[in-house]
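Written out below as C-alpha cells is the structure these notes cover.
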Amino acid sequence: MSDSVATNTSTEEATAALTFDQFGLSADILKAVSESGYTKPTPIQAKAIPVVLSGSDVMGAAQTGTGKTASFSLPIIQRLLPMANTSASPARHPVRALMLTPTRELADQVAANVQTYSKHTPLRSTVVFGGVDMNPQSEALRRGVEILIATPGRLLDHVQQKTLNLGQVQMLVLDEADRMLDMGFLPDLQRILNLLPKERQTLLFSATFSPEIKKLASTYLRNPQTIEVARSNSTATNVRQIVYEVHESDKSGAVAQIIRERELKQVIVFCNSKIGASRLARVLERDGIVATAIHGDRSQSERMQALDAFKRGEIEALVATDVAARGLDIAELPAVINFDLPFNAEDYVHRIGRTGRAGASGDALSLCSANERKQLADIEKLIKRPLEVQTLQVATPMRRDGARRDERPARGERAEHRHGARDEAGSRRRTSSSSYDRPRGRQQPIDEFFLKPYEPSPSAMKRQEEAPEPERKSASKQPLAALLGGLGMPRKTS
DNA sequence: AAAAAAC
C-alpha cells in the first residue's frame, strides 16, 4: 500500500524524470515556479506544456488537483513573452490570451496563479467577473492587459460596454468546459468565440468528453491533441472514501461529530441547497464549530470573504453548495464531507477532488440517508466501484466547550445564534436525540434499509444499462442539442 | 430536485 504519490508517478513513467527546466521555459517563469515551491511537473503538466508550446490546440482531460492551471498558464505566458512590452500605453497591451471559467471564484483563483507565474515578466493580467463593481475592472482593462481571465457573462458585458476588445486574442482557454455547458453557457461561449480571431490557439479542458463537449471541440478546435492523464470520472487513489449511513434528521449532528472526532481543522461540507448550506453553517456555529456558508445567494463580497477566511484558517467548516465543487484549490485540505449526496454523480467526483490534492492524502466522508440510495448507486456506477459504507451512531451532541448542545447560549453570544436556535427548536430536538433513544416504531422502515447487507444496488445499475437514457431529453437537453446542432453550420464571422 | 452565471 505504498500508493499515493508513488503510484501516480509510476503510471507516468515516461514523464517521471522531467523537471521544469526541460521545457525551455524562460528563466523568469522558472524563477516564479520555483518560488512557488514546485520542483517537478505533474503528469498533465509534463504532457501539456510541450504541446501548448508547440502551438497546437488541446483537448485536455485532467482530474482536479493535478496542476491543470499551471499546465496551460506556464506555456501561455511563455508564448506571449516575445510580445510583452513595458510601454505604459494600453494600446500596446492588447488582450492576447483569454481564459474562461464557470465560476467567479475559479476565475479569481486562475488569475492569482497567472499573476504568480508571470510576476517576473512584463506581462500584465487581470480578472473580470460578475457580482462586483464593473468600474475597477474597466479601469484595469483600459490600462491594458495581455492575459484576461473571466466568467462569460461579465466578459460579454465589458464587450458591450466597449471597455474590452477581443480582436487580438491569440490563445483561448476554456476551463471546466463541461461545467460551462451544464450551466447553460453555450450561447455565451458562442458569442465570445465569434468575437475572437479565427487564427488562434484553443485549449479546452473538461472533466469528461461528453458528446456535447466533443461537438464543441470539433466546431471550435483545430486538430486538437488529446491529453488525458487519468481516466475521467475516476477518483484519486489517495482519497479515502467512506459513506456513513445516517438518518436524515441526524445529519447536522453527524457533521459536528465527525469534525470533532477526527479533529478536522479544515473541512468543506457540501450541501445540495443554498438554504441547507446556510442552515447547517448556523447549526455548526451553535455547536461551537467556526463555520460559514458559501453559495450563490450570498453577495460576492461575502463569498470572497468566506473563502479568504477559510484559506487563512480562520474558519473550520466551509459549508458550500456546488459553487465550490470544481477547481477550488485549498492547500492541505484534509477532508470534505458530503452533507447531501449530489444529484449529479459527476459532482461527487469534483467535490471530493477538493481534498487529497497534489499527492496529499485526504478523506471524503459522505452522509447517506435512506432516500439517497439512488444517488449512491449512481456514484458507484460512475466511479466503477462500491464505496465503503459504515454506520454512524450519532451521539448526544456536545458543544466544543463541553456544555450540552441544547444548553442556552452563553451570555454575549450573537443575536443571530439565539434566533437561529429558536427557529430550529423542533429540528434540534430531533438532531440531538441519538439513535439509541429513538422511538423504535418510527425508525423501523429506515433501519430495515440500513440493516440490509450493503450492495451497490445491481438492479439499478442493470436497469440503466438495459435502457440507456430513458426519458432524459427533456427541457434542459433540448435547447442544448439544438444549439449544438447549429454549431455545425458554417460560421459567418465578420 | 438544485446549483451556477450579467445588469
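Within every chain, numbering begins at 1; the chains are lettered A, B, ... in the order of the sequence lines, protein sequences first and strands thereafter.
- Nucleotide B:dA3 holds its P atom 16 Å from the CG atom of A:Leu341, rounded to whole Å.
- Nearest nucleotide to the side chain of A:His295, out of B:dA5, B:dA4, B:dA6: B:dA4.
- Within the 4.0 angstrom heavy-atom criterion, only backbone atoms of the sugar-phosphate kind lie near A:Asn272; the bases stay farther away.
- The salt bridge (charged side-chain N to carboxylate O under 4.0 Å, His left out) check on A:Glu302 picks up A:Arg298, with sequence neighbours excluded.
- As a whole-Å value, the separation of A:Gln300 CD from B:dA6 P is 9 Å.
- Taking atom CG of A:Leu189 as the reference point, atom P of B:dA6 lies 12 Å away to the nearest angstrom.
- Between A:Arg260 and A:Glu316 no salt bridge is recorded (no basic side-chain N to carboxylate O distance below 4.0 Å).
- In this structure, of B:dA6, B:dA3, B:dA5, it is B:dA6 that holds the atom nearest to the side chain of A:Asp157.
- As a whole-Å value, the separation of A:Leu100 CG from B:dA6 P is 11 Å.
- Taking 4.0 angstrom as the limit, A:Arg303 places a side-chain polar atom (N or O) nearer than this to OP1 or OP2 of B:dA5.
- Among the heavy atoms of the strands, none lies under 4.0 Å from A:Gly184.
- The pair A:Asp378-A:Lys374 meets the salt-bridge criterion, since a charged nitrogen lies less than 4.0 angstrom from a carboxylate oxygen.
- Using a 4.0 Å cut-off between charged nitrogen and carboxylate oxygen, A:Glu372 and A:Lys251 count as a salt-bridge pair.
- Using a 4.0 Å heavy-atom distance criterion, A:Asn344 is classed as a base contact.
- Rounded to whole angstrom, the span from the CD atom of A:Gln137 across to the P atom of B:dA5 amounts to 14 Å.
- The interatomic distance linking A:Glu176 (CD) with B:dA5 (P) rounds to 13 Å, in whole Å.
- With sequence neighbours excluded, the residues forming a salt bridge (charged side-chain N to carboxylate O under 4.0 Å, His left out) with A:Asp188 are A:Arg191, listed by chain and number.
- Side-chain N/O atoms of A:Ser273 include none lying less than 4.0 angstrom from OP1 or OP2 on B:dA1.
- A close approach under 4.0 Å does occur between a side-chain nitrogen or oxygen of A:Arg104 and OP1 or OP2 of B:dA6.
- Which of B:dA3, B:dA5, B:dA2 sits closest to the side chain of A:Phe185 comes down to B:dA5.
- Between the CZ atom of A:Phe339 and the C1' atom of B:dA1 there is a distance of 16 Å, given to the nearest Å.
- Side-chain nitrogen and oxygen atoms of A:Lys374 include none within less than 4.0 Å of the OP1 or OP2 phosphate oxygen of B:dA1.
- Side-chain nitrogen and oxygen atoms of A:Thr151 include at least one within less than 4.0 Å of the OP1 or OP2 phosphate oxygen of B:dA6.
- Between A:Ile294 atom CD1 and B:dA3 atom C1' there is a gap of 13 Å when expressed in whole angstrom units.
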